[in-house]
Every structure is written in structure tokens, then in C-alpha cells.
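First the structure, in the form of C-alpha cells, and then the observations on it.
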Amino acid sequence: MLPNVSQAQDQAAPAEAVTPLMRGLTVLRRLTDADGSCSLSGLERASGLARSTVDRITATLARMEYVRLDGRDVVLAPRLTELGNAYLAALRLPRLLDPHADALADELDESVSLAVPDGDGIRFIHQATRRRAMSLRFRIGDLLPAERTAPGPLFATEWDEAGWKRWHARRAADPEDRGFPAVPARSRPLDGSGTVLGDDFQERAEQARAQGWALDDQLIEPGLVALAMPVRHNGGRIACVVTVVSHTSRHSADGLRRALLPRLRTAVTAMERELREAPDTGPAAAPAPPSGLATWTGASKQELGREFVESLARGLTVITSFGEGRSELTLTDVAEATGLARATARRALITLEHLGYITAHGRRFRLTPRVLGLGYPPLSRTKLPDIALPHLTALSQLLHESTSLAVLTGDAIQYTAQVAASRIMSVNVTVGARLPAYATALGRVMLADLPEPELATPDHSEPQHLRAELDRVRRQGYALVDGELEKGLRSIAVPVRDRGGRVVAAVNVALHSSRRTAEECVTDVLPELHTTATHIEADLHVAGRFRTVPPA
């Protein structure tokens, strides 16, 4: 069926649409549906595109650092989240409301989500989940059918006749919800009564309109219950819906309503106050064209030849021209922000509007929630070791030495990622292993960032010496430990910082002292180590813009 869908899209596209951009977006959607990783041959089958086309698209996406090519597999890369970040920044709701949702989840000790409407479905823009054996597994960007959720009936109260027609058409075309990979397929009624799930959706929407809230009593899957309320702009249209999700082992659906509805109302009132009182930032200045887009695409085309699809790269860059203070852009705004010719920007906007990633309002354009479907769900669960590992691998291959990532846990470090060198004798530690922080280069660069670190050493007469060493590490930006942990072991480490500049981890190169002197570690290894940390930080800052990236 998928090849026919792709062909139908190409045939139905406006004459000015950019076909390579359409096909590139198809590949990104198929990768997202495959949970972020797929073989090249699998992409060929799923997209209905020729293998040569898939190869060119993935080569272009790899050049943009949106995917990694791992042998015969294509893997989504953290940098791709900048597309979804552009939508979330333009929306402003996550920046304003995420702290309220997180506080509510902490107060109730239940998972809390924020969702917006996307056609006749709902799409999550924030998840505050609880760590339990039975907990919510949905991700930012996941799309769910409206009729199987608590937010759906609330959004449906604002549908017009055309909206209900679209919903009926989708239900008829996809009765098992195969077009929603985030939810289990619907193959039989959940209540065993013979009633097709969702047939009462219009009745539930009317109830939601009357009572101002909605329940989901195990519509997604057995055991999952949820209570939802709308957050409105100045008492008018729904901005988003906040949902508290629980399990029947803790609450029945009705019990959830009785226990939590008053507290949910209080949280919604605070959210609506936040929306009313938030200052209007006004239109932001147009960002500089990213990295000299024309120069970069030209150089990429010269290096990769026909393997680089220039129109795909330019079209994706149009999405990133939106952001906070830039939620609505004219064609001129987009052309100035990207450095593209107006004709090129116009064709990209026409293509993105045709595919539903942009809507036009007069002469102004807006991103839609569908942009989150371009890789955000699988990437929203990315952890720091996942981000770091490809960069550590590249560093190890470059230097032919072992590399590691570690985090600070109390007065110890814990290894969270490691790449051993391909040598007869190499440094090889186990992920999860712990070592005293004071005795390691990794530990010292992290301790040096703390205002008043507790300096636990075997000899408590030495803290002043260690404190002086940490001061030196802080000034020079790296730590070198030579034989202190183990004779013959030499290690040099630098910090990894989050978007706020706080040290959240450290990376190192460890080697036997016979291979490089301490001076050579500084002159030869340290620059490459700094470059690796910079690459990890760049990915971390993009991936962590609207979520907390777990350190392990």
C-alpha cells in the first residue's frame, strides 16, 4: 500500500512542489515509524522509492547530521530535533506551561501530559512521566487517534462539519488505527459488547463540552485511565489539553476524576493565568542564514556530487526559520532568514503546505504539529550516552585509544559509555563501573565545577592539595591524571556542559603511558578531545531544548 500512497502524493502535488523535498520527508516519516532506525532496503520498501533515491536522500540527511549511516542501517540523529524544536519554540506553550505540568506530576505522583490537536488526532508536546513498572510510555510528538484519548473529545468540541467529515473518512479508511504507530492496533472491541470502539465519540464530545473535562477509561489499552481538561487562551479557544494518566491498579476512571479533578482545575487555572500574563515577545529579529546556507550547500554538492540533494537540504532549512517570536512568517521573512531566493523559498513553502507541515493564513505561514512527526518521538527518549557514543567511537578510531563518558554520583564517577581501542593492550572499563572521583581525570573535571565539593579521599590530610588541583583544573579546562589510579595508566578528560553551562558529564581518553607522554596528551590528544566534547554538547543542546536529557 505504501508505494501507492507515495505515488498518489506525487500525482496530487501542486505543479510547483519540490519532489525531492517530498520524498525526503517521506523517508524521515518512515524512519520515525520504524522507531528511529531502519535498513536501507527496509526504507526502500517502506517508502516505495527507488533504492538510488533512498541512497541520495540518506546521504543528504547524513550530511546535515540529521541521520547517521551505520553500516547498512540509517539511524536518526539528535540534530534532527531542531525541526520539532522550531515548532515548539514558535508555539511558546512548552516554555510557559511545562513547569506547571512537571509540578503537577510531582504533586500527584502520576504522569502528566500536554497535547495539541493535529487534524483528527492529538499530538503530545510535553510528557512528565513517573518511573514505575506500569507507567506512561508515550513520547513528545506521538500522534494518537482523538477518539481513543481523553483530550480528543475536548478538541472535538471545536470541530466544524468539515472536521467531523474528515474524522469519519479516516475511521472508514483505517478502522484498525494502523496509521497510528504509537497505539496498539484496534482489532476487536475492548468491552466485548460488539460495539465498535469510537462509535460513541460524538456523544463523548458533547459530554466534554457540557462538563469541561473528559475521561479515558482504558480506550488506548486495558489498565490505562486518564483525566483531561482544556487550557484556554483568555477563556476562548483551547490552547492545549493537560491530562493526568494513571493505572487501574491505583485508580478507576471515576475514582481518578473524584480524587484529582479539583487539583487538576487548580493547575489549569494557573496555566491559563500564565498564558494571560506572559509578555508578548513581539517579532524576533530574523536569524542570520544558517552557516552560510548557499555556501554550505554548494560545497556539499561539490563534495558529494549527485548524492547530495540540494533542494531537500534547502527545504528542511525553511522549517528552522520559525521559532520563538517568529511563529508567523511571510515569504520575505523566510527568504531573509534562510538566505534562499524568494522563488526557492516559495516552492518549499508550497510543498510543506501541501504535506501539512505548514498552514497559510493570508500571506503568513505557520508550522503545524505535524512537524513533530519528523523524528521527534524516538529522539525524545534519547539519553546522554546515546548522544555521546557515535562521537566517542569517532574519537577512538581517530586516536586509536580508548574513550569514555562518565557522570558524577556522590563522591564517585560512573561510566555510562565506553569505546575500547582495537589494540592487544587497551583500557577497557565496564559501563556502570564506579571509581573514586578524586582519583580520576573524569572525576576531577566534574568536581571542579561544583561550588563546594565534598573531597572524600583515603587520606583526609590531603583535601587542601586536592582543592588546589581542582582550582587548576577549573582554570585550564581539563584534567590529566598520570598513574595515580593505576601505574602506567594515563588519562586526560574534559567536561560536557548542558545548555545552561552546567557540567553534566565528562569525556576522556585513557591510554598506557608507553604510547604517549603527558605533554603529547596535551598537545595531540586534548584538541581532539575538546572537539569531541563540543560535538556532544551541540547535540545535547538541541536534544535538550524542550526536555531533560537523562544522563544515563
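Neither side chain, Arg30 nor Ser47, offers a donor N or O lying under 3.5 Å from an acceptor on the other. In the model, Asn85 has a side-chain atom that pairs as donor or acceptor with a side-chain atom of Tyr376 under 3.5 Å. Looking at Asp73 and Ser37, their side chains never bring a donor and an acceptor atom within 3.5 Å of each other. Side-chain atoms of Arg434 and Thr409 form a donor-acceptor pair, as typed in the model, at a separation below 3.5 Å. Between the side chains of Glu82 and Tyr66, a donor-acceptor pair is found at a separation under 3.5 Å. Counting only N and O atoms by type, the side chains of Thr32 and Arg29 include no donor and acceptor under 3.5 Å apart.
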**OP:** Check step by step if side chain to side chain contact (heavy atoms under 4.5 Å, CB included) holds for Val503 and Val496.
**Re:** CA-CA 6 Å; Val503 173; Val496 174; over 6 Å; no
Original post:
Would Arg545 and Arg499 count as a side chain to side chain contact (heavy atoms under 4.5 Å, CB included) if you check the C-alpha gap in whole Å, the side-chain angles of each, and the deciding distance to 0.1 Å?
Top reply: CA-CA 8 Å; Arg545 185 174 179 185; Arg499 289 177 61 87; 3.9 Å; yes
**OP:** Give the C-alpha distance, both sets of side-chain angles, the deciding distance and a yes or no for side chain to side chain contact (heavy atoms under 4.5 Å, CB included) between Glu469 and Arg444.
**Re:** CA-CA 8 Å; Glu469 171 64 14; Arg444 290 181 185 180; 3.8 Å; yes
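A salt bridge links Arg63 with Glu303: the distance from a Lys NZ or Arg NE/NH1/NH2 to an Asp or Glu carboxylate oxygen falls below 4.0 Å. A salt bridge between Asp449 and Arg474 is absent, with no side-chain N of the basic residue lying under 4.0 Å from a carboxylate O of the acidic one. At a threshold of 4.0 Å, the pair Arg516-Glu401 counts as salt-bridged, since one of the basic side-chain nitrogens sits closer than that to a carboxylate oxygen.
Side-chain contact check for Arg314 versus Thr297: some heavy-atom pair is nearer than 4.5 Å. The shortest distance between side-chain heavy atoms of Asp539 and Thr81 does not fall below 4.5 Å. The shortest distance between side-chain heavy atoms of Asp142 and Phe180 does not fall below 4.5 Å. When side chains are defined from C-beta on, Leu93 does not count as touching Leu114, because their heavy atoms never get closer than 4.5 Å. Looking at heavy atoms from C-beta onward, Tyr87 lies in side-chain contact with Pro369 at the 4.5 angstrom threshold. Taking the side chain as every heavy atom from C-beta outward, Val74 and Cys38 never approach each other to under 4.5 Å.
Taking OG of Ser380 as the start and CZ of Phe138 as the end, the distance is 12.5 Å to the nearest 0.5 Å.
Taking each heavy atom of Ala228 and Val241 in turn, the nearest pair found is CB-CG1, 3.6 Å. Leu529 and Ile492 get closest at one heavy-atom pair: CD2-O, 3.3 Å.
Classification of the Trp296-Phe308 ring pair by plane angle, with boundaries at 30° and 60°, yields perpendicular.
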